[in-house]
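Input: a single structure, listed below in structure tokens.
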Amino acid sequence: MKELFGWPKQDANWILIIEFALMVAFFTMNTSDWVLQQRGLLAEHGSFPVSANIFAPIFSNFGDRFLFFSERAAWWFHFVGILFFMNYLYYSKHLHIILAFPSTWYANLEKKGKFNNLESVTKEIKLMMDPNADPYAAPAEGDEAAAPSKFGAEDVFDLNQVQLLNAYSCTECGRCTSVCPANITGKKLSPRLILMKTRDRLEEVGKNIDANGKFVDDGKKLLNDYITKEELWACTTCNACTEACPVLLDPLSIIFDMRRFLVMEQSAAPQELNLMMANVENNAAPWQYNQADRLNWAKD
Ligand code: SF4
Ligand code: SF4
């Protein structure tokens, strides 16, 4: 067994030892406290069902001074241990415990399946449909939505802060992947991996910036180098992953933005989709026949 819960075995052993020591300190503190309460040396407070019923018979053999000492020593050990752990959290894989709070706060509370429209595209369509609009009018100064630098996401720089936060908040529990129909039917997609790969790329970019003072092009992108087109197009956008996530993470929004890049920047949608989109554009329906022929079936 090389790993335990995703940790290398050596690290996992240390974590188990530390957790065991903290729990010993916790029960020592409570049991000493309980016995001292029973002797009338401390005011009665709280109930300690485990300590009182299981450990108290052992501790009742000890003297008062030892019990006071063990209660204080265990209290300080536990207290310092928790402070240490809180600081260690930031550097450890448990960082997600802290980041889960802001991630949940900023979670998408819109109805599942409601996707965000690009303001610039909405404007463009409104302009096309407005007979009084001047198609040659220059965009208003400072109107960034009128001329976006890029559609969709090709790299982590193109993702928003909540998506990046999501990547660091994932506990890697795999609930999303276990309900993903694409994954279940043997496709290459795993929503959990989408977040993990985004985080890996983010960390690589962070190291690049640390080493060079600013980001120096490393010839890599999130798209293709980390997340493949095959994974992106395997998604059915069913939202099962976002429903299943215990901390309301949204791997689908990353998939969606990367697909948007493929379609709007590279025209690299699969052939079937291109055909469907061309039909919608020309026939106002996904089928390959003219609007005037829609009722032909009724004549047969
Ligand atoms: S939305 Fe996509 S990634 Fe999420 S469960 Fe459905 S198919 Fe899988
Ligand atoms: S269900 Fe949420 S926390 Fe668990 S692996 Fe998936 S995205 Fe991460």
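Ligands are counted one by one from 1 in listed order, and the atoms in each one are counted from 1 as well.
- In this pair, Phe69 and Phe66 present their aromatic rings tilted. The plane angle is within the 30 to 60° band.
- The Glu172 neighbourhood of ligand 2 comprises atoms 5 (S), 8 (Fe), with distances under 4.0 Å to a heavy atom of that residue.
- Between Ala244, Ala167, Cys170, it is Cys170 that holds the heavy atom closest to atom 8 (Fe) of ligand 2.
- The aromatic ring centres of Phe115 and Phe256 sit less than 6.0 Å apart.
- Short contacts between ligand 2 and Gly174, defined as distances under 4.0 Å to a heavy atom of the residue, involve ligand atoms 4 (Fe), 5 (S).
- Applying the salt bridge (Lys or Arg N to Asp or Glu O under 4.0 Å) rule to Glu154 yields the partners Lys150; only residues at least two apart in sequence or on another chain are considered.
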Show me, pair by pair, the donor-acceptor contacts under 3.5 angstrom made by side chains of residues 44-52, not counting sequence neighbours?
from: His45; atom 1: ND1; to: Ala43; atom 2: O; distance (Å): 2.8
from: His45; atom 1: NE2; to: Asp33; atom 2: OD1; distance (Å): 3.3
from: His45; atom 1: NE2; to: Asp33; atom 2: OD2; distance (Å): 3.2

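- Remark: distances from the non-hydrogen atoms of Ser169 to ligand 2 are all 4.0 Å or more.
- Short contacts between ligand 2 and Thr171, defined as distances under 4.0 Å to a heavy atom of the residue, involve ligand atoms 3 (S), 4 (Fe), 8 (Fe).
- The protein non-hydrogen atom at the shortest distance from atom 2 (Fe) of ligand 2 is Cys245 SG, 2.4 Å.
- Residue, atom and distance of the protein heavy atom nearest to atom 6 (Fe) of ligand 2 are Cys176 SG, 2.3 Å.
- Residues Trp105 and Phe101 place their aromatic rings such that the two centres sit no closer than 6.0 Å.
- Distance check, rounded to the nearest 0.5 Å: NZ of Lys126 to CD of Glu119 gives 9.0 Å.
- Among protein atoms, those of element N, O or S found less than 2.8 Å away from atom 2 (Fe) of ligand 1 are Cys235 SG.
- At a heavy-atom distance under 4.0 Å, only side-chain atoms of Leu195, from C-beta outward, approach ligand 2.
- In summary, the atoms of ligand 2 found under 4.0 Å from a heavy atom of Arg192, numbered by their order in the structure, are 5 (S).
- Ranking the protein heavy atoms by distance from atom 4 (Fe) of ligand 2 puts Cys173 SG, 2.2 Å first.
- Tyr226 and Glu204 share a donor-acceptor pair across their side chains, judged by distance under 3.5 Å alone.
- In terms of heavy atoms, Ala25 sits closest to Phe77 at CB-CD2, 3.4 Å.
- Under the 30°/60° scheme for interplanar angles, the aromatic rings of Phe79 and Trp76 are found to stand perpendicular.
- Residues passing the salt bridge (Lys or Arg N to Asp or Glu O under 4.0 Å) test with Arg199 are Glu172, sequence neighbours excluded.
- Rounding to the nearest 0.5 angstrom, the gap separating the CG atom in Leu262 from the OG atom in Ser267 is 10.0 Å.
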